[in-house]
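Scroll down for the structure; my scribbles are underneath it.
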Amino acid sequence: MVVGDEMENIPKNEIEKIWETYAKNKDQAAKEKLIVHYSAMIKYVVGRMSIYVGNALDFDDLVSYGVFGLIDAIDKFDYDKGVKFETYASLRIRGAVIDGLRSLDWVPRSTRQKNKQLDDVFSQLESELGREPTNEDLAAKLGIGIDEVEEEVKKSSLVSLVSFDDYLETNHEGTKELSSTDEDSPESVYDQKELKETLASAIENLTEKERLVVTLYYFEELTLKEISQIMSVSESRVSQVHSKAMLKLRTRLGKYKSLLFV
């Protein structure tokens with residue numbers, strides 16, 4: 001299947017009819033039309049996830065994982081519930097890509113251990129030096145070269161992505177059905193206020209380029225390619241800036257750091 005850059009121009013009422021046909025009898029022709037229509041979502045989701053991977057993996061390989069996620073989403077989607085398919089499918093596509101990364105053993109236990117060590121050393125040096133530690137500071141403390149530090153910072157971003165997916169698998173089913181009482185409780189209101197203040201403070205202490213990347217990625221929801229075009233730098237450079245920003249934010253968000261990688 002060829003993944004297009006834009007959704008096939010099928011009128012909304014026609015798509016609804018195709019969904020109804022597929023929902024009734026799992027018609028394969030209808031399924032093919034749905035796959036083609038929504039295929040552009042794969043490139044969008046993968047384009048956003050690429051910021052964690054940079055150019056370490058081929059974009060088309062990630063897209064191929066995403067195709068399985070879209071097909072799985074179409075197979076399992078309950079059309080009669082009235083839920084927006086795009087929201088459901090994006091999660092399935094994302095999950096399929098992460099499963100693909102896991103199958104490559106991209107985040108072995110040793111990498112997770114190094115990621116924790118990097119976070120701990122960053123926090124320790126920041127406290128000792130009274131300033132943000134440089135890569136040279138980290139290299140000296142860890143007893144490794146600067147190139148290796150940069151590589152570990154890049155890997156730490158991917159570790160965070162996969163770790164957040166683990167967090168969702170463990171906690172999402174038990175937390176997604178919050179009642180209005182839960183959401184409006186004093187504890188919940190306080191936590192939300194504290195999270196916003198903590199995040200705002202952490203972002204404020206990033207460099208100008210790091211703040212721009214975080215804003216464009218997490219708030220404007222742009223892809224890696226779009227951000228690189230806006231900043232007039234390479235995609236690998238954007239990925240590098242993002243990885244360093246994530247390292248800083250992880251060490252400053254405390255108990256809220258698992259909520260960063262949505």
Side-chain angles (χ1 to χ4, degrees), residues 48-57 94 98 101-102 104-172 175 190-215 217-218 224 236-262:
R48 282 182 50 73
M49 294 180 71
S50 293
I51 202 167
Y52 294 95
V53 182
N55 57 5
L57 284 178
R94 183 178 180 278
I98 292 176
L101 294 174
R102 285 200 184 100
L104 298 175
D105 198 25
W106 244 65
V107 190
R109 183 181 297 274
S110 60
T111 302
R112 292 176 184 263
Q113 291 172 340
K114 287 182 179 180
N115 179 61
K116 185 178 185 305
Q117 182 184 25
L118 181 64
D119 285 359
D120 292 344
V121 168
F122 189 96
S123 295
Q124 181 183 346
L125 285 174
E126 192 169 43
S127 178
E128 291 176 356
L129 300 173
R131 60 171 172 79
E132 176 188 306
T134 63
N135 284 352
E136 288 78 6
D137 295 327
L138 292 169
K141 186 70 173 180
L142 292 167
I144 59 178
I146 294 177
D147 288 345
E148 191 173 348
V149 167
E150 292 176 351
E151 183 66 21
E152 291 305 322
V153 170
K154 181 174 70 175
K155 287 181 179 179
S156 72
S157 184
L158 182 60
V159 170
S160 300
L161 173 66
V162 176
S163 295
F164 180 70
D165 193 67
D166 291 338
Y167 169 84
L168 282 181
E169 287 183 356
T170 302
N171 298 281
H172 182 62
T175 59
Y190 175 80
D191 281 344
Q192 290 177 25
K193 181 174 182 293
E194 184 181 42
L195 169 59
K196 290 178 181 178
E197 291 175 350
T198 303
L199 182 58
S201 176
I203 292 176
E204 185 63 30
N205 286 301
L206 297 176
T207 67
E208 183 177 350
K209 285 185 178 179
E210 289 165 351
R211 285 198 301 273
L212 179 57
V213 169
V214 168
T215 298
Y217 183 78
Y218 291 98
L224 174 62
S236 61
R237 177 54 183 159
V238 173
S239 183
Q240 184 182 43
V241 172
H242 172 265
S243 295
K244 192 60 180 290
M246 293 302 98
L247 171 60
K248 294 178 183 178
L249 291 177
R250 282 199 312 275
T251 61
R252 294 166 185 165
L253 288 181
K255 65 181 181 180
Y256 296 115
K257 68 179 182 180
S258 63
L259 301 179
L260 184 63
F261 308 95
V262 293

Exercise. Closest heavy-atom contact between S243 and V153?
Worked result: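 Minimum heavy-atom contact is CB-O, 3.6 Å.
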For this session: Specify the closest pair of heavy atoms between S50 and S239, including all atoms of both residues, with the distance to one decimal.
Result: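 S50 and S239 have their closest heavy atoms at O-OG, 4.4 Å.
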Exercise. Between V214 and M246, is a side-chain contact (heavy atoms from CB on, under 4.5 Å) present by the stated rule, with each step listed?
Worked result: CA-CA 9 Å; V214 168; M246 293 302 98; 4.1 Å; yes
Taking the side chain as every heavy atom from C-beta outward, state whether [X] and [Y] have any atom pair closer than 4.5 Å.
X: E132; Y: N205; result: no
X: I51; Y: R48; result: no
X: L142; Y: L118; result: yes
X: L206; Y: V213; result: no
X: K116; Y: D119; result: no

For this session: Applying side chain to side chain donor-acceptor pair (under 3.5 Å), name anything that partners K244, two or more places apart in sequence or on another chain.
Result: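 K244 satisfies side chain to side chain donor-acceptor pair (under 3.5 Å) with N135 only.
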Exercise. Mind checking what makes salt bridge (Lys or Arg N to Asp or Glu O under 4.0 Å) contact with E151, not counting sequence neighbours?
Worked result: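 Per chain and number, E151 pairs via salt bridge (Lys or Arg N to Asp or Glu O under 4.0 Å) with K154.
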Problem set entry | Residues that E128 engages under salt bridge (Lys or Arg N to Asp or Glu O under 4.0 Å), provided they are two or more places apart |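 E128 satisfies salt bridge (Lys or Arg N to Asp or Glu O under 4.0 Å) with no residue once adjacent residues are dropped.
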Exercise. Among pairs that include at least one residue of residues 200-213, which meet salt bridge (charged side-chain N to carboxylate O under 4.0 Å, His left out), considering only residues two or more places apart or in two chains?
Worked result: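 Checked against salt bridge (charged side-chain N to carboxylate O under 4.0 Å, His left out) - neighbours excluded - the pairs reaching residues 200-213 are E210-K248.
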Problem set entry | Pair listing, side-chain hydrogen bond (donor to acceptor under 3.5 Å, both in side chains) test, anchored in residues 136-148, at least two apart |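 Residue pairs passing side-chain hydrogen bond (donor to acceptor under 3.5 Å, both in side chains), neighbours aside: R131-D137, T134-E136, T134-D137.
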Exercise. Side chain to side chain donor-acceptor pair (under 3.5 Å) with H242: which of Y217, Y52, Y218?
Worked result: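 With H242 as partner, side chain to side chain donor-acceptor pair (under 3.5 Å) holds for just one option, Y218.
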For this session: List in chain and number order the residues that pass side chain to side chain contact (heavy atoms under 4.5 Å, CB included) with L212, two or more places apart in sequence or in another chain; answer none if no residue qualifies.
Result: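 L212 satisfies side chain to side chain contact (heavy atoms under 4.5 Å, CB included) with L216, M231 only.
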Exercise. Is there a side-chain contact (heavy atoms from CB on, under 4.5 Å) between V241 and T207 once you walk through the steps?
Worked result: CA-CA 10 Å; V241 172; T207 67; 5.6 Å; no
